Structures are given as structure tokens and as C-alpha cells.
Student: 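Take this structure, written in C-alpha cells, and hold onto it; I'll ask about it next.
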Amino acid sequence: MSDLRIIKNGSVAVTDEGTIAWVGPADEVPSSLRRTGVIDCSGDTLMPAFVDSHTHLVWGGDRKDELEQRLGGADYEEIFAAGGGILSSVRQTRELSEDELYLESLARISRMRRAGTTTFEIKSGYGLDLETELKQLRVIRRLRDEGGFRVTATCLAAHAVPAESRGSDADRAAFLTRVIEEILPAVAEQGLADSCDVFCDRGAFTPQESRAVLTKALELDLELRVHANEFGHTGGAALAAELGAASADHLLALDADERAGLRDAGVVATLLPGTSMVLGKPFADGRALVEDGVAVAVASDCNPGSCALENLAVVLGLACYGNRLSPAEAICAVTHNAAASMGLDDQVGSLRPGRQADILRLATEDYRDLVYHAGSPLLRTVYQSGTPIHGGHS
Ligand SMILES: [Zn+2]
């Protein structure tokens with residue numbers, strides 16, 4: 001993760017189709033590739049565009065009131081228990097029409113793209129009933145098909161127990177049965193999701209309940225992702241390793257055995273330092289994960305409550321200052337490793353021949369300025385498949 005294979009005075013050749021044809025030293029560009037449309041980027045840095053492998057960016061309404069409650073001392077788990085948190089977003093998301101939800105989400109994802117992210121994983125999970133989960137997933141598909149965003153979809157129907165199912169153990173069990181027998185099969189049949197996620201933690205779902213959801217997802221040929229070990233050693237990381245999940249996410253409480261389990265099972269550890277900052281929690285130990293040989297990704301967790309940060313460059317800085325990754329490791333984490341956790345590393349996340357020309361042009365010759373000057377406007381141009389989607393060509 002620490003070797004970015006930097007080429008000084010390099011060139012990138014891009015095809016008319018928007019893929020990368022060649023990368024190497026500028027004085028070695030093959031003559032067959034020297035054509036019109038040469039852009040002089042002297043003094044700047046070219047790097048892969050950001051890949052955000054954990055977002056909840058399709059939601060209705062907002063939870064700005066909770067921001068003030070939390071800053072006044074209320075705890076996230078307390079707010080949730082009082083009917084706020086995820087359940088508040090569920091109410092607001094159920095109320096919106098599909099078009100309203102699309103437009104709110106489109107504004108959000110457009111800002112994220114201007115900040116350098118061209119590939120997004122987006123989860124459902126603010127429906128918690130069949131109709132609204134499908135609505136959210138259709139909005140994700142529209143962002144891809146109508147909006148032209150590079151997007152994968154994850155069904156997170158097991159995000160929380162909805163308000164109407166919290167009265168008794170039997171109601172809770174009936175909800176889980178609906179997720180397993182009704183929602184996941186409908187999602188798979190309509191081809192609306194690539195992956196299935198479950199919130200396996202205190203206050204959400206037990207490892208046993210999570211295993212039932214994820215086992216069904218495997219039967220339906222969905223990839224697995226797990227919200228794991230955010231609030232304690234609650235079994236999610238071990239479950240992700242046991243079932244061969246693509247990603248285990250959060251991981252604030254993680255011991256050496258759990259790290260070894262993730263590494264040996266090839267699970268990407270996805271860290272979400274923006275959430276730690278917003279909630280005032282400790283940061284996951286990224287240093288220990290890297291040193292133990294676990295592949296680490298870093299993502300925004302963009303969601304209405306615990307972290308509405310949209311700028312992955314800011315989160316990249318937090319991955320260094322909070323998770324103790326080096327700038328090079330953090331860049332690998334928000335590009336190649338994030339893409340790998342989504343099964344897209346053969347398309348995005350690195351500048352290599354055959355990949356999409358999703359490229360950031362930074363107004364600095366030292367990539368470490370992304371961390372050193374975290375949050376500064378260093379992005380000169382954002383390209384998706386060779387086309388500038390933010391900033392200019394020159
Ligand atoms: Zn999340």
C-alpha cells in the first residue's frame with residue numbers, strides 16, 4: 001500500500017473511448033499514440049480518481065437537529081434508542097416519492113463527484129420495508145443509468161429493526177424473516193443489487209441474525225459486506241471472515257485475532273474515519289491493520305446522521321491523522337483497495353492500460369499535499385472516462 005509507483009515527468013495516453021492506452025515517462029510515449037489533444041500538466045500531479053466504497057447517499061430529509069444534540073452531549077446510541085438516528089431517516093425516506101428521492105440524491109452525488117469521487121458504492125437501508133427498499137435501489141440504478149455515475153448497489157435491508165417491529169421478539173423475528181424471504185429475493189430477482197450488507201453490532205443485529213441474512217444473500221449470488229465491530233467486539237468481523245465477505249467496515253474494536261481472520265480470508269477492511277470524527281469516537285487502528293497485512297480501504301460513509309461528509313479528500317486526511325495511515329497508504333485505500341472491495345479494480349482505482357481514464361489532476365507536484373493541506377482546493381480537473389466532469393482541460 002505504501003508503494004504508489006510514482007512516475008516523475010510522466011504521461012498518460014487516453015483512447016477516444018475514455019480508457020487508458022499507455023502510462024510511462026513522457027519521453028517514451030510511443031509515436032503511434034502522439035496525436036492531437038495533448039494537455040500540458042507540467043507541475044501538476046495525475047492520480048486515479050477517488051473510489052468511495054461505503055456510502056448511504058440515497059436518503060430523504062436531514063438530521064441536522066441531531067448534530068446539535070450530539071454536540072450538546074447526547075450519544076449516538078441514546079439518540080437511536082429514542083427513535084432518532086436511522087429510524088428518523090427511515091420515516092423521511094418513506095415519505096418521499098421516487099422522483100423526489102432521486103433529485104435529493106442527485107444533488108448530493110454531484111457534489112461528491114466535483115470533490116473527486118467518480119465511483120460509488122451506495123446502500124439502501126432507509127426503507128426497511130419491501131416497497132421503500134426497492135424504491136431506494138431503483139434510485140441508485142437511475143443514478144447509474146440516467147445520471148451517468150459509476151455506481152454499485154448494496155441492499156442493506158438489515159440496517160435496523162424498523163419502529164413497527166420493535167414491540168416484541170416475535171415482531172423482530174418476523175421482520176428478519178421478511179428481509180430473508182421477501183426483500184432479498186425480490187431485490188435479486190429484479191437485479192437491483194450487487195451486494196448485501198448487514199449492520200452486525202450492538203443495538204442492531206446479532207451475529208446469529210446477521211449470519212441468516214448473509215447466508216441467504218450468498219444463495220442469491222450477492223457479494224457480502226458487513227457493518228462490523230463499530231461499538232465493540234460484537235462478532236461482525238469474525239462473521240465477515242468466516243463467510244468470505246468482500247468488505248468488513250468500521251472496525252473500531254478489533255484485536256489481533258480478528259485482524260488475522262480478515263487477512264487470511266481476503267476481506268478488505270474498510271475504515272470510515274469521518275464517522276469517528278463526527279461522533280467523537282476513537283479511530284480504527286489503521287496502522288495495526290496495515291502492519292498485520294490486511295488490505296485497507298477508506299470510505300466516506302456518507303449518510304444523514306453519523307457522517308454527512310461528501311468530500312473524500314477530507315476523509316483521506318482523517319485516515320492519516322486518525323487511523324495513522326501514511327499519505328501513500330491512504331491514497332491506495334481510497335483508490336485501488338476501495339475498488340478491489342467492490343470488484344472493480346480491473347476498471348478503476350489505478351492508472352494502468354485498459355482501466356477507465358478516471359483521473360484527478362492536482363494543482364501540486366506532491367501528492368502528500370492532499371494530506372498536508374487537507375481540504376484545500378487542490379483539484380484542478382476531475383475526469384471520468386477521459387471527459388472532464390469538473391474543472392477545465394487546461
Ligand atoms: Zn454505513
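Just follow the structure's listing: the first ligand is 1, and inside any ligand the first atom is 1. Everything numeric here is computed off the predicted structure, so don't read it as measured data.
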Student: How many angstroms lie between OG in S300 and CD in E121, if you round to the nearest 0.5 Å?
Tutor: 9.5 Å
Student: Has E329 got a side-chain atom pairing as donor or acceptor with S326's backbone, closer than 3.5 angstrom?
Tutor: yes
Student: Give me the other members of the hydrophobic cluster that W22 sits in, counting Ile, Leu, Val, Met, Phe, Trp and Tyr linked by side-chain heavy atoms under 4.5 Å, directly or via other members.
Tutor: V29, L33
Student: With sequence neighbours excluded, what pairs up with E258 under the side chain to side chain donor-acceptor pair (under 3.5 Å) test?
Tutor: N229, H233
Student: Take the angle between the ring planes of F199 and H227 and call it parallel below 30°, perpendicular above 60°, tilted in between.
Tutor: tilted
Student: Spell out the protein N/O/S atoms under 2.8 Å from the Zn ion (ligand 1) as residue plus atom name.
Tutor: H54 NE2, H56 NE2, H227 NE2, D301 OD1
Student: Hydrophobic cluster mates of Y372, side-chain heavy atoms under 4.5 angstrom, ILVMFWY only, any path?
Tutor: none
